[in-house]
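Accompanying notes for the structure given below.
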Amino acid sequence: MTPRLSVVIPVYNERSTLLELVKRVESVDIDKEVILVDDCSTDGTRDLLASLEGTPGVRVFYQDRNQGKGAALRRGFAEATGEMVIVQDADLEYDPAEYPKLVKPILDGRADVVYGSRFVGSEAHRVLYFWHSIGNRGLTMVSNMFTNLNLTDMETCYKLFRREVLASFELEEPRFGVEPEITAKIAKGRWRVYEVGISYSGRTYEEGKKIGWRDGVRAIVCIVKYNLFR
């Protein structure tokens, strides 16, 4: 029997993309549950989430105040019941149709964790911000120096875990610092990590992109903190 996949989707002000994203997730032919965690959206997203309540295979949770992506993931991970858990952003930058190739290393018994890398493989990528790509690669390199992993995309949204991996640590970071935190704790746990090349349809700030330079600074702090002091 194929293990079930829990798709954890942190949501914050994604009214324009949420329903299409959920439709794409639901269309993937894989046994799954969808867990939506709203981080106190203010743009009408909560009304859309309310319309999804009661949909078979979809569970909706609401944070009582805006706390950040890390806090939403912590809630979603706690609610997940599948043998595998994947993170899915609520925008349309990452394609759920790629779930089958992401889960394959785990189903084959080779991996405990799979990262979907935007920087390897031959899949389509939207051409956008030069300095963002330099920043992502730079943060990945610094993270690798501390973890001794040879990842190409530490900051990717697509992180897929066997449930036992998530049960082995507690998330502490409330916001985007959760990415280097997760990577540090996976490395310390000596879990088997694989990367799979994925497509990427990045969006502009006008289209709703949220991460900024301050998050990059925080990422450096988190790389040091969770590799050396946790």
Side-chain angles (χ1 to χ4, degrees), residues 5-10 21 24-25 28 30 32 69-70 73 77 84-162 165-166 171 173 176-204 209-211 215-216 218-220 222-223 226-227:
L5 178 67
S6 294
V7 182
V8 176
I9 308 176
L21 183 277
R24 293 184 187 185
V25 172
V28 179
I30 190 170
K32 61 187 174 298
K69 181 178 181 178
L73 288 180
F77 291 164
M84 300 179 293
V85 182
I86 192 170
V87 179
Q88 171 72 60
D89 283 348
D91 52 38
L92 303 177
E93 292 189 331
Y94 293 82
D95 186 359
E98 296 182 290
Y99 290 170
K101 69 177 180 180
L102 286 161
V103 302
K104 191 174 188 302
I106 290 181
L107 297 181
D108 289 346
R110 292 179 289 149
D112 302 305
V113 181
V114 179
Y115 279 41
S117 175
R118 297 164 290 178
F119 304 128
V120 297
S122 58
E123 303 295 341
H125 295 76
R126 183 180 180 183
V127 177
L128 275 175
Y129 301 117
F130 170 76
W131 290 111
H132 268 259
S133 67
I134 293 297
N136 281 330
R137 293 172 190 271
L139 290 173
T140 297
M141 181 181 71
V142 175
S143 175
N144 287 345
M145 291 169 65
F146 281 85
T147 62
N148 199 30
L149 299 176
N150 63 338
L151 292 168
T152 64
D153 192 3
M154 178 271 294
E155 290 279 344
T156 181
C157 159
Y158 272 171
K159 294 179 173 69
L160 170 68
F161 315 88
R162 289 177 51 240
V165 176
L166 292 179
L171 291 183
E173 285 297 305
F176 289 111
V178 70
E179 310 292 2
E181 177 191 358
I182 287 173
T183 303
K185 291 179 175 179
I186 287 170
K188 287 187 174 183
R190 298 186 180 277
W191 298 102
R192 297 171 299 169
V193 182
Y194 271 64
E195 275 192 324
V196 173
I198 59 169
S199 62
Y200 182 62
S201 300
R203 60 180 177 170
T204 66
K209 194 173 188 67
K210 298 179 179 70
I211 196 165
D215 298 302
R218 180 62 189 172
I220 293 290
C222 290
I223 288 169
Y226 292 104
N227 281 285

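All values reported here derive from a predicted model rather than from experimental measurement.
- By the 4.5 Å heavy-atom criterion applied to side chains, W191 and F161 are not counted as neighbours.
- At a threshold of 4.5 Å between non-hydrogen side-chain atoms, the residues I198 and T156 count as touching.
- The residues E179 and K159 are annotated as salt-bridged, a charged nitrogen and a carboxylate oxygen being separated by less than 4.0 angstrom.
- Summarising the geometry of L160 relative to L102, their closest heavy-atom pair is CD2-O, 3.2 Å, with the distance given to 0.1 Å.
- For the pair D153 and V120, the minimum side-chain heavy-atom distance is 4.5 Å or more.
- T183 and S143 share no donor-acceptor pair across their side chains, judged by distance under 3.5 Å alone.
- Annotation for L139 and G216: closest pair CD2-O, 3.8 Å, computed over non-hydrogen atoms.
- Atoms CE and OG1, from M154 and T140 in turn, are 5.0 Å apart once rounded to the nearest 0.5 Å.
- One finds the CG atom of L149 at 8.5 Å from the CD1 atom of I186 (value rounded to the nearest 0.5 Å).
- Here the closest heavy-atom approach between residue G70 and residue L171 is recorded as O-CD1, 4.4 Å.
- Contact check for P96 versus L21: side-chain heavy atoms found under the 4.5 Å cut-off.
- Taking every heavy atom of both residues into account, F119 and T152 meet most closely at CD1-O, 3.1 Å.
- Closest heavy-atom contact between I182 and Y115: CG2-OH, 4.1 Å.
- Residues K32 and V25 have side chains in contact (heavy-atom distance under 4.5 Å, counting atoms from C-beta outward).
- Annotation: side chain to side chain contact (heavy atoms under 4.5 Å, CB included) contacts of A111 (sequence neighbours excluded): P105, I106, V114, Y194.
- We find the CG-OG distance between D95 and S201 to be 7.5 Å, quoted to the nearest 0.5 Å.
- Residues C222 and E173 have side chains in contact (heavy-atom distance under 4.5 Å, counting atoms from C-beta outward).
- Across every non-hydrogen atom of P10 and D89, the tightest pair is CG-OD1, 4.5 Å.
- At least one side-chain heavy atom of Y99 sits less than 4.5 Å from a side-chain heavy atom of Q88.
- More than 12 heavy atoms of other residues, nucleotides or ligands sit less than 6.0 Å from atom CG of D108.
- Ring geometry for Y94 against Y158 counts as tilted: the plane angle lies between 30° and 60°, on a 0 to 90° scale.
- Judged purely by atom type and a 3.5 angstrom limit, D112 has no side-chain atom pairing as donor or acceptor with the backbone of R162.
- For K104, the NZ atom sits in a loose shell: 12 or fewer heavy atoms of surrounding residues, nucleotides or ligands are nearer than 6.0 Å.
- Separation of atoms CG (N227) and CD (E181) is listed at 10.5 Å; rounding is to 0.5 Å.
- Two residues are said to be in side-chain contact when any heavy atoms from C-beta on lie closer than 4.5 Å; E98 and V196 fail this criterion.
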